[in-house]
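Below is one structure, written out as structure tokens, with a few remarks after it.
When a ligand or atom number is given, it counts from 1 through the structure's own listing order. Positions are given from 1 along the sequence. All values below come from the heavy atoms of this structure, side chains included, with hydrogens, waters and symmetry mates left out.
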Amino acid sequence: MKKAIGIFAVVLMACTLVLAGCQKKEAAKSSGAALIGIAMPETTVLRWVKDGNSLKSEAEKRGYRAELQNGNGDQVQQNQQIGNLLTQGAKLLVVGQLNDGVASAIADAARDKVAVIAYDRIIQNSADYDYYITFNNFKVGQLQGQGLVNAMNLDAATAAAPKYITYFAGSPTDGNAFFFFDGATSVLNPYIEKGVLKVVGPAPATSKDTANFQRIATEGWLPNIAKNRMENLLSGDARNVTLDAVLAPNDTLARAIIEACLADAKYARKLPVVSGQDAEAASLAMIKNGQQSMTVFKDTGKLAEAAIILADQILKGVANPTVPGAVLASSIGLESIGDTGKKVVKAYLLDPINITQDNWREPITAGFITPDEVAANGLQ
Ligand code: BGC
């Protein structure tokens with residue numbers, strides 16, 4: 001009997017909560033609550049689907065209406081979507097851009113006096129917005145570089161028997177790709193200078209070496225491009241050496257690179273150590289089984305929450321919004337993260353977390369990986 005009453009109470013509470021949620025959403029609609037427009041860039045990399053859903057639910061949780069769009073890797077499409085959001089009367093836009101072609105849509109928003117938050121990726125070549133929220137992308141790169149140093153045991157390497165690495169970077173249309181790479185090489189360069197690490201293939205010391213950076217960049221972050229480039233490297237520049245490491249900028253590309261290596265008899269028994277980013281379930285499985293060396297966990301649920309906390313303050317006219325858990329880039333000497341090329345916007349940074357075989361469960365414990373993903377990827 002007691003048990004039945006207990007179950008009844010739990011069911012009643014759940015119904016009340018669901019009802020309260022619906023009432024809040026209904027109230028948001030009928031009260032003419034402000035509309036937040038959410039424009040995400042692509043779905044090739046899984047995180048953007050999660051980001052979009054989290055942003056929408058965080059906005060609705062705070063009593064806003066929210067409309068979610070995804071540009072599917074096409075800037076023209078994203079600009080049309082932003083145009084539609086403006087027509088629907090959005091009061092604020094959260095935009096994860098594809099390339100600087102987005103600037104004209106952001107100019108339209110400014111004309112309509114609609115505030116814009118650049119989400120995760122800076123909106124380049126625009127002076128028409130004031131806020132950017134992301135992770136400390138330089139630190140993401142540092143974690144990747146340090147992860148490779150540790151996995152290669154580079155501190156014990158000698159110039160007589162150096163280690164070999166090859167470089168991949170993200171899309172040259174994405175400002176983050178430059179910070180990831182520069183963070184990583186800031187850790188790797190001293191080892192190259194000591195002669196204990198050699199770069200196979202194009203070897204930019206920083207992203208400022210534009211010609212070589214373009215050679216290692218992966219347009220649109222597309223895994224097939226990285227896989228082809230890795231295959232070409234294996235039969236070309238890397239033909240006469242055995243690679244110890246590959247700097248891969250995210251998990252999707254890391255897995256494409258590992259796939260190319262696995263098809264090469266030379267690496268069938270021992271893969272090079274490969275970095276990553278995004279803590280995707282498929283890569284956590286490869287970290288667990290030792291095929292991928294590390295990833296960087298960026299809790300995008302937290303990023304979405306922080307973005308909406310920021311949006312809420314902007315919509316309420318707060319002059320200097322603060323975001324719990326985020327630091328201003330200017331306060332840690334990383335102003336350049338907020339440089340659009342036309343203006344320096346206020347950039348809020350969250351902290352990324354290093355994931356290796358020692359702590360691969362952390363993204364699961366944090367609720368970032370869904371139970372379905374855990375089951376589908378053997379992460380129990
Ligand atoms: C994001 C990464 C992501 C990449 C490809 C970057 O801007 O910061 O998390 O892996 O885009 O979508």
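Protein heavy atom closest to atom 11 (O) of ligand 1, with residue, atom name and distance, is R121 NH2, 2.9 Å. At the shortest separation from atom 10 (O) of ligand 1 among protein heavy atoms lies D278 OD2, 2.5 Å. Protein heavy atom closest to atom 4 (C) of ligand 1, with residue, atom name and distance, is W221 CE2, 3.5 Å. Of all protein heavy atoms, the one lying nearest to atom 6 (C) of ligand 1 is D174 OD2, 3.2 Å.
Ligand 1 has F180 within reach: a non-hydrogen atom of the residue lies less than 4.0 Å from it.
If you look at D120 next to ligand 1, the close heavy atoms, those under 4.0 Å, all belong to the side chain. Contact annotation for W48 and ligand 1: only side-chain heavy atoms (C-beta onward) come within less than 4.0 Å of the ligand.
If you look at Y167 and F181, their ring centroids are closer than 6.0 Å. Taking the six-membered ring for Trp, F297 and F368 have ring centres closer than 6.0 Å.
Close contacts between ligand 1 and E42 involve ligand atoms 5 (C), 12 (O) [criterion: under 4.0 Å to a heavy atom]. Within ligand 1, the atoms closer than 4.0 Å to a non-hydrogen atom of K298 are 1 (C), 2 (C), 8 (O), 9 (O), numbered from 1 in the order shown.
The residues R111 and D128 are annotated as not salt-bridged, no charged nitrogen and carboxylate oxygen being separated by less than 4.0 angstrom.
Cation-pi geometry between K163 and Y191 is not met: the NZ or CZ atom fails to fall both under 6.0 Å from the ring centre and inside 45° of the normal.
No side-chain donor-acceptor contact under 3.5 Å links D351 and N136. A donor-acceptor contact closer than 3.5 angstrom links the side chains of Y64 and D312.
A donor-acceptor pair under 3.5 Å links the side-chain atoms of T185 to the main chain of A205, judged by distance alone.
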